[in-house]
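See below for the structure under consideration.
Both ligands and their constituent atoms are indexed starting at 1 by order of listing. Atom set for the values below is all heavy atoms of this structure, side chains included, hydrogens, waters and symmetry mates excluded.
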Amino acid sequence: MSDCGNEESAMTVHDVSLNEPVGDRVAKTTCYMCACRCGINVHLRAGADGHEKIRYIEGNRDHPVNRGVLCAKGSAGIMQHYSPARLRAPLLRTGPRGSGEMKEISWDEALELAVSWMKPLRETDPKKLAFFTGRDQSQSLTAWWAQQFGTPNYAAHGGFCSVNMAAAGIYTIGGAFWEFGSPDWQRTKLFVIFGVAEDHDSNPIKMGLSALKARGARIVSVNPVRTGYSAIADDWFGIRPGTDGLLILSLVHELLRRRAVDLDSIT
Ligand code: SF4
């Protein structure tokens with residue numbers, strides 16, 4: 001290539017601005033596409049109608065949880081706002097259960113309908129209401145609402161997912177994952193992972209596993225599939241799905257049989 005050509009391409013590169021701001025302002029917040037709450041910078045730009053729209057989400061380098069890393073799920077957080085599939089109004093089922101036949105109704109209609117179902121229960125026996133919510137972001141409020149209604153029969157998704165994990169983690173290692181804390185990545189010598197859902201807490205766990213690897217700590221994975229975290233483990237036990245409880249009980253049995261339990265450390 002001639003010198004002239006080099007000058008030309010240098011000029012072309014020079015003319016391209018690689019740092020155009022993608023929005024008018026940046027809002028700092030935390031991601032809730034899973035429960036670990038990585039720090040994010042949300043770039044917003046006002047549209048012609050004056051309403052701000054999200055243009056781009058990036059990891060916040062100053063946030064201690066993720067230090068700038070954003071996983072694919074976090075990047076897709078923009079779809080929580082703009083997905084065409086997002087619910088915009090209450091839906092009333094019009095066909096048989098499971099048919100997917102629905103129609104949009106107003107909030108007034110929805111509230112009227114809910115009152116017609118629940119008022120008779122409240123006036124007679126509120127405990128007949130069993131109230132179950134999914135992974136919403138406000139379980140303290142939904143629980144409070146159920147208590148005010150008068151039913152003890154309320155639960156949420158966390159009861160068979162994160163809350164058990166949190167309780168077990170807090171009782172055993174003093175913390176769990178997500179907002180419940182984290183293992184002691186700096187001192188752990190042996191890290192055993194049982195069937196991790198890798199789309200959850202992915203940034204902090206990846207950073208923690210890297211710290212373990214860098215220190216030469218041993219990682220053992222128990223998981224039917226050897227992907228992701230299992231692929232970098234020192235030992236992988238590819239058990240049959242659903243047999244993890246049996247494996248744990250057999251380990252407990254063996255420890256007891258050999259009298260190999262360090263009673264001082266667990267009492
Ligand atoms: S790990 Fe991913 S989905 Fe979870 S909070 Fe962080 S960026 Fe969001």
Side-chain angles (χ1 to χ4, degrees), residues 21-23 25-45 52-87 133-142 156-170 173-186 188 191-215 217 219 221-233:
V22 288
R25 75 179 180 99
V26 176
K28 292 191 182 294
T29 182
T30 49
C31 175
Y32 206 105
M33 292 298 280
C34 83
C36 80
R37 296 181 171 85
C38 293
I40 53 174
N41 297 335
V42 181
H43 293 255
L44 299 149
R45 176 173 284 171
E52 281 187 320
K53 287 198 91 174
I54 301 171
R55 303 282 301 165
Y56 175 56
I57 300 173
E58 66 179 350
N60 177 354
R61 287 171 192 236
D62 300 324
H63 198 281
V65 169
N66 56 321
R67 294 184 215 142
V69 180
L70 192 71
C71 78
K73 219 164 115 171
S75 305
I78 196 165
M79 293 306 282
Q80 252 193 350
H81 299 267
Y82 304 130
S83 163
R86 184 183 171 167
L87 288 180
T133 56
R135 169 167 280 144
D136 65 84
Q137 323 270 308
S138 50
Q139 274 169 25
S140 50
L141 290 178
T142 50
H157 162 96
F160 53 83
C161 180
S162 55
V163 176
N164 304 316
M165 178 223 41
I170 289 164
I173 57 174
F177 289 91
W178 303 341
E179 65 266 57
F180 308 109
S182 63
D184 188 345
W185 299 116
Q186 302 313 319
T188 299
F191 188 71
V192 185
I193 322 173
F194 270 83
V196 175
E198 303 200 0
D199 59 331
H200 281 34
D201 202 44
S202 61
N203 294 335
I205 290 187
K206 279 182 212 135
M207 285 156 63
L209 292 177
S210 305
L212 294 186
K213 285 296 233 187
R215 284 196 297 103
I219 300 173
S221 171
V222 180
N223 200 323
V225 289
R226 191 173 199 181
T227 56
Y229 307 154
S230 301
I232 58 142

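Not one N, O or S atom of C38 sits under 2.8 Å from atom 8 (Fe) of ligand 1. The distance from atom 4 (Fe) of ligand 1 to the nearest N/O/S atom of C36 is not under 2.8 Å.
Among all non-hydrogen protein atoms, the one lying nearest atom 2 (Fe) of ligand 1 is C71 SG, 2.2 Å. When hydrogens are left out, the protein atom nearest atom 4 (Fe) of ligand 1 is C34 SG, 2.3 Å; that is the closest non-hydrogen contact. In this structure, atom 7 (S) of ligand 1 lies nearest to the protein heavy atom N203 ND2, 3.4 Å. Closest to atom 8 (Fe) of ligand 1, if we only count protein heavy atoms, is C31 SG, 2.3 Å.
The atoms of ligand 1 that sit less than 4.0 Å from any heavy atom of M33 are 3 (S). Taking a cut-off of under 4.0 Å to the non-hydrogen atoms of S202, the atoms of ligand 1 that pass are 1 (S). Against a heavy-atom cut-off of under 4.0 Å, L70 is close to the following atoms of ligand 1: 7 (S).
Sparse packing is recorded around CZ of R55, with 12 or fewer heavy atoms of other residues, nucleotides or ligands lying under 6.0 Å away. Counted within 6.0 Å of CZ on R37, heavy atoms from surrounding residues, nucleotides or ligands total more than 12; the atom is thus considered enclosed. Shown here is R215, whose CZ atom has more than 12 heavy atoms of other residues, nucleotides or ligands within 6.0 Å.
Residues Y229 and S202 are in side-chain contact: their nearest non-hydrogen atoms beyond the backbone lie under 4.5 Å apart. Within the 4.5 Å cutoff, no side-chain heavy atoms of R67 are placed close to those of P204.
Using 4.0 Å as the threshold, N66 has no heavy atom nearer than that to any atom of ligand 1.
Closest approach of N223 to S230, counting heavy atoms only: CB-OG, 3.6 Å.
Between F191 and F177, the ring planes are perpendicular. Angles over 60° get that label, and only those under 30° would be called parallel.
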